[in-house]
There are 2 protein chains.
Amino acid sequence: MERKRGTVRDLRRDNRSVLLWSLYFDQPMSRQDLSQATGLSPASVSNVTRELISEGVVVEAGSVDSDGGRPRVLLRMNPDYGYVIGVDVGETRIRVELFDLMMTVRAKADYPLNPHEHGAGKVVDGILAGLAAVLADGAVDSSAVLGVGIGVPGVVEQGSEALVHGQTYDWDAVPLESMLRAGGTELPLYIDNGAKTMGQAELWFGAGRGAQNAVIALIGSGVGASIITNGSTYRGSTSSAGEWGHTTVMVGGRTCRCGSSGCLEAYVGAEAILDRYGSLRGGPPLPGDDQESALAALISAAATSPPAAEVLDGTVRYLGAGIAGLINLFNPERIILGGWAGLLLGERSLPAIREAARQHSLRQPFAETSIELCRLGPDAVALGAATLPVERLLNGAATPAAAGTNRSASLTTG
Amino acid sequence: MERKRGTVRDLRRDNRSVLLWSLYFDQPMSRQDLSQATGLSPASVSNVTRELISEGVVVEAGSVDSDGGRPRVLLRMNPDYGYVIGVDVGETRIRVELFDLMMTVRAKADYPLNPHEHGAGKVVDGILAGLAAVLADGAVDSSAVLGVGIGVPGVVEQGSEALVHGQTYDWDAVPLESMLRAGGTELPLYIDNGAKTMGQAELWFGAGRGAQNAVIALIGSGVGASIITNGSTYRGSTSSAGEWGHTTVMVGGRTCRCGSSGCLEAYVGAEAILDRYGSLRGGPPLPGDDQESALAALISAAATSPPAAEVLDGTVRYLGAGIAGLINLFNPERIILGGWAGLLLGERSLPAIREAARQHSLRQPFAETSIELCRLGPDAVALGAATLPVERLLNGAATPAAAGTNRSASLTTG
DNA sequence: CGCCTTATTTCATGACGTGATTTAACTCAC
DNA sequence: GTGAGTTAAATCACGTCATGAAATAAGGCG
């Protein structure tokens, strides 16, 4: 998100953007509050506000207070100014959700995916079907949609057309964007890595609110992370930053599915945990075909089963070491542990994880970091993806399309 | 380095800053070149340029070219607009260097430090003496000094007055800034971690030039790093970001001087390498009281001595794993290996280090990353520290003091 | 020496943010 | 009720800025 500078018009756009961000996260606010929060003069707030209201992005929402003076008029975002869609391309299903501007869900659609059949074509079909379904279900015209955010597993190469490199899916440079275009959609698309979109969801609405520097650590079958620096997602030079799972925590250790050895993921990923438990017991895998119930079973077994406890203790230790590395390197205000396996582990062992992290990190940065659990659950990928077009709106993209059937159209100003 | 926005005057400052950065790193340039490089209109370049010339920051430096048209007038920074001082507080000495704006050395001074006597008082005395010495030696009046950058070991807490937490020195919240003030200096001070200043030196003038995302990995007696994100040094929430040395690469491994175990530093720091070699041989430490010659001796012994070769091979492997972690997490364009021990290792084994890093990192980000050696040598700490006040100047700090005896003072404009 | 070419400056214009000033919208005491 | 008091918001006049267009400067070339 570069900020072009130069002309005096860009300045206006910047100020407008600052004001929108402020309002978005602190609704409702009076013009006066906004002036304080943004540092802009009351006069400027008044001007920018008029513009925003006439565009329909912002609406007045009643007045409040008055101990003797003119009451403050409260301002809100207009949730119906436009809609956004979030797509979560998961291992077993595609989920599509329609939100209004304030991220209230308006419609949902799920498309199951055969775990062993991840052809890009299937995924594209699922997404397109989901888009049509939520638009119909929510009774929203596509012209009112600001954009569609899509969270996918794997690295997304942002170019003129986004390319997806999916390790898990065995995708190699899949041109998802142009495939969707070929499928007929004309909605603005924002494609990003699912861990990053989920991180952004936590950053905006979950345990990360207000953080400038944070790492959202995600543990599912595999291990990933979303890195927040200076208040926004860090992507690195080719958008693959945050691949935390393949950090070496044990040189010469267990072989990882990435081909290397000693990776963090080879110890704390759900698959690895179950595998370690299996080889310790020497028996067959735990009950339940899916990892989720198997891991839950392992965790509840730990109370009585020494081998299960041993595996989990080891997991906590490796995880703590991995988190400590993040603390030392990034010096974040917050580490947020998520992903379905991360939540299972965290619910049982957060204090132990904190202690392990303490042991492996430097005193000073550790003392400045809080380690918490995600608040939004594992379904936040779609939510986070849907924030991408909202982010663009807040950053001042020119009114996209005519967006908004629901505007109060009193443009008679002056 | 926040960029305050709001008024139209800030816009001017921003444009001025963009122009200065461009000119600083691409001297000399004509106004036309600048217009192209910055995206500003020729008219604006002309205006801003006039201002800069009248202030004395920029000077015209001859014209060039002319295949039929008016020749381009070349512009340069005025190296004598003001001076900056860089201080390197090392383990065995304090080094103070005086530079002009283009970082040409004008004077140097060294103050030896007893390795076992790192009292803050001694250090402050040394710095103050050094400042006086270089100013005298360089025949520069203190009013012409834009600022003093000081690179120290340990974490620097940037508050209203910088506090230094030095692990190595056993410093705990030493108020270095106010101590120097109490010592009588009135020069603007910029205190930062030495690894970060060295990283900035490489970023500006060394192997990091032009990189937007890079990590400068420093190996000396200990191990540190300087992280560059989006073109500038990343500091994290309390400026301790970049503590790479205590990343766990071997859970339950060697005890580290930080108190934890399995830290990268416990394997690839010079002290650790020598220690590992010592315990492998079972004999006394290598010849040479200082680590530097001992490590050099170990490296040259590796050609004939199997134990030495074994230790170094292990070191390469651990180092590669550590670097791989940086590649995965940060997805940088470049990893730059430095520090005196890093250079010794790198000169002998860079290809092996690259290979080890490849084995432990993901294919895609590894392919996008080049791994190189530092170009400026271990003395770049002072140089990098001295860039701090220059950075401030380029970012558009109001002309600090009256800076510059050497200005052409024709301020008669319109 | 005049014409051509290219770099730089000048000029008029339109936007913008802001402090000061007005106007708007209420409360409250009487 | 009604006027004084109080606070929020809008308006105004002003100064600053970047910019495209036009003018000017500075050289080459025939």
Side-chain angles (χ1 to χ4, degrees), chain A residues 3-19 22-23 28-54 58-75 396 398 410 412-414, chain B residues 3-19 22-23 28-54 58-75 396 398 410 412-414:
Chain A
R3 194 149 291 300
K4 227 177 46 182
R5 58 170 70 74
T7 139
V8 65
R9 214 180 226 105
D10 300 324
L11 181 58
R12 170 66 152 231
R13 189 173 46 73
D14 273 19
N15 285 340
R16 175 192 154 115
S17 169
V18 171
L19 200 146
S22 186
L23 188 61
M29 299 174 84
S30 73
R31 292 173 173 77
Q32 187 148 195
D33 299 333
L34 279 168
S35 172
Q36 275 230 326
T38 62
L40 266 52
S41 73
S44 296
V45 172
S46 207
N47 288 334
V48 175
T49 289
R50 175 171 40 244
E51 188 179 299
L52 292 173
I53 289 180
S54 87
V58 166
V59 291
E60 299 195 336
S63 48
V64 163
D65 184 44
S66 65
D67 48 339
R70 173 174 176 172
R72 287 192 260 270
V73 175
L74 294 178
L75 301 172
S410 56
T412 51
T413 330
Chain B
R3 194 150 290 301
K4 227 177 44 182
R5 59 170 73 76
T7 141
V8 66
R9 215 183 224 103
D10 301 323
L11 183 58
R12 170 63 151 235
R13 189 172 46 73
D14 273 18
N15 285 338
R16 176 192 153 114
S17 170
V18 171
L19 201 147
S22 186
L23 188 60
M29 296 174 86
S30 72
R31 290 173 176 79
Q32 186 148 198
D33 298 334
L34 279 168
S35 172
Q36 276 229 324
T38 61
L40 266 53
S41 72
S44 296
V45 171
S46 207
N47 288 335
V48 176
T49 290
R50 176 172 40 245
E51 188 179 300
L52 292 173
I53 289 179
S54 87
V58 166
V59 292
E60 299 194 336
S63 50
V64 163
D65 181 46
S66 64
D67 48 338
R70 175 174 175 172
R72 286 192 261 269
V73 175
L74 294 179
L75 301 172
S410 54
T412 51
T413 329

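Reminder, nothing fancy here: chain letters follow the sequence lines and each chain counts from 1.
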Residues passing the side-chain hydrogen bond (donor to acceptor under 3.5 Å, both in side chains) test with A:Ser30, sequence neighbours excluded, are A:Asp33
Of all residues at least two apart in sequence or in a different chain, which pass the side-chain hydrogen bond (donor to acceptor under 3.5 Å, both in side chains) check with B:Ser44?
B:Ser41
Output the rounded distance in Å from [atom1] ([X]) to [atom2] ([N]).
X	N	atom1	atom2	answer
A:Leu34	C:dT18	CG	P	14 Å
B:Glu51	D:dT16	CD	C1'	12 Å
B:Leu74	C:dA7	CG	P	12 Å
B:Gln36	C:dA7	CD	C1'	13 Å
B:Ile53	C:dT9	CD1	C1'	12 Å
B:Met29	C:dT8	CE	C1'	16 Å
A:Asp33	D:dT7	CG	P	15 Å
A:Asp10	C:dC16	CG	P	10 Å

Please give the angle, rounded to 10 degrees, between the axes at the start and the end of the helix from C:dC1-D:dG30 to C:dC30-D:dG1, where five pairs define each axis.
20°
Distance below 4.0 Å between [X] side-chain N/O and [N] OP1 or OP2:
X	N	answer
B:Ser30	C:dA7	no
A:Arg72	D:dA8	yes
A:Arg31	D:dA10	yes

Any salt bridge (charged side-chain N to carboxylate O under 4.0 Å, His left out) pairs touching residues 35-48 of chain A, not counting sequence neighbours?
none
Within 6.0 angstrom of B:Gln36 CD, more than 12 heavy atoms from elsewhere:
no
For every nucleotide of nucleotides 18-30 of chain D, 5' to 3': is a protein heavy atom under 4.0 Å from its base (B), only from its sugar-phosphate (S), or from neither (-)?
SBB----BBBS--
Using the rule given for side-chain contact (heavy atoms from CB on, under 4.5 Å), can you reason through B:Leu75 versus B:Ile53, listing the C-alpha separation, both sets of side-chain angles and the distance that settles it, and then say yes or no?
CA-CA 9 Å; B:Leu75 301 172; B:Ile53 289 179; 4.1 Å; yes
Inter-residue atom distance B:Asp14.CG - B:Arg9.CZ, 0.5 Å rounding
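CZ of B:Arg9 is found 14.0 Å from CG of B:Asp14.
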Hey, is the main chain of A:Arg12 close enough, under 3.5 Å, to the side chain of A:Asn15 for a donor-acceptor pair?
no
Any side-chain heavy-atom pair of A:Val48 and A:Leu34 under 4.5 Å:
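The answer is no; the side chains never approach within 4.5 Å.
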From C-beta outward on A:Gln32, which listed nucleotide comes closest to its side chain: D:dT16, D:dA9, C:dT8?
D:dA9
Partner residues of B:Glu60 under the salt bridge (charged side-chain N to carboxylate O under 4.0 Å, His left out) criterion, sequence neighbours left out:
B:Arg31
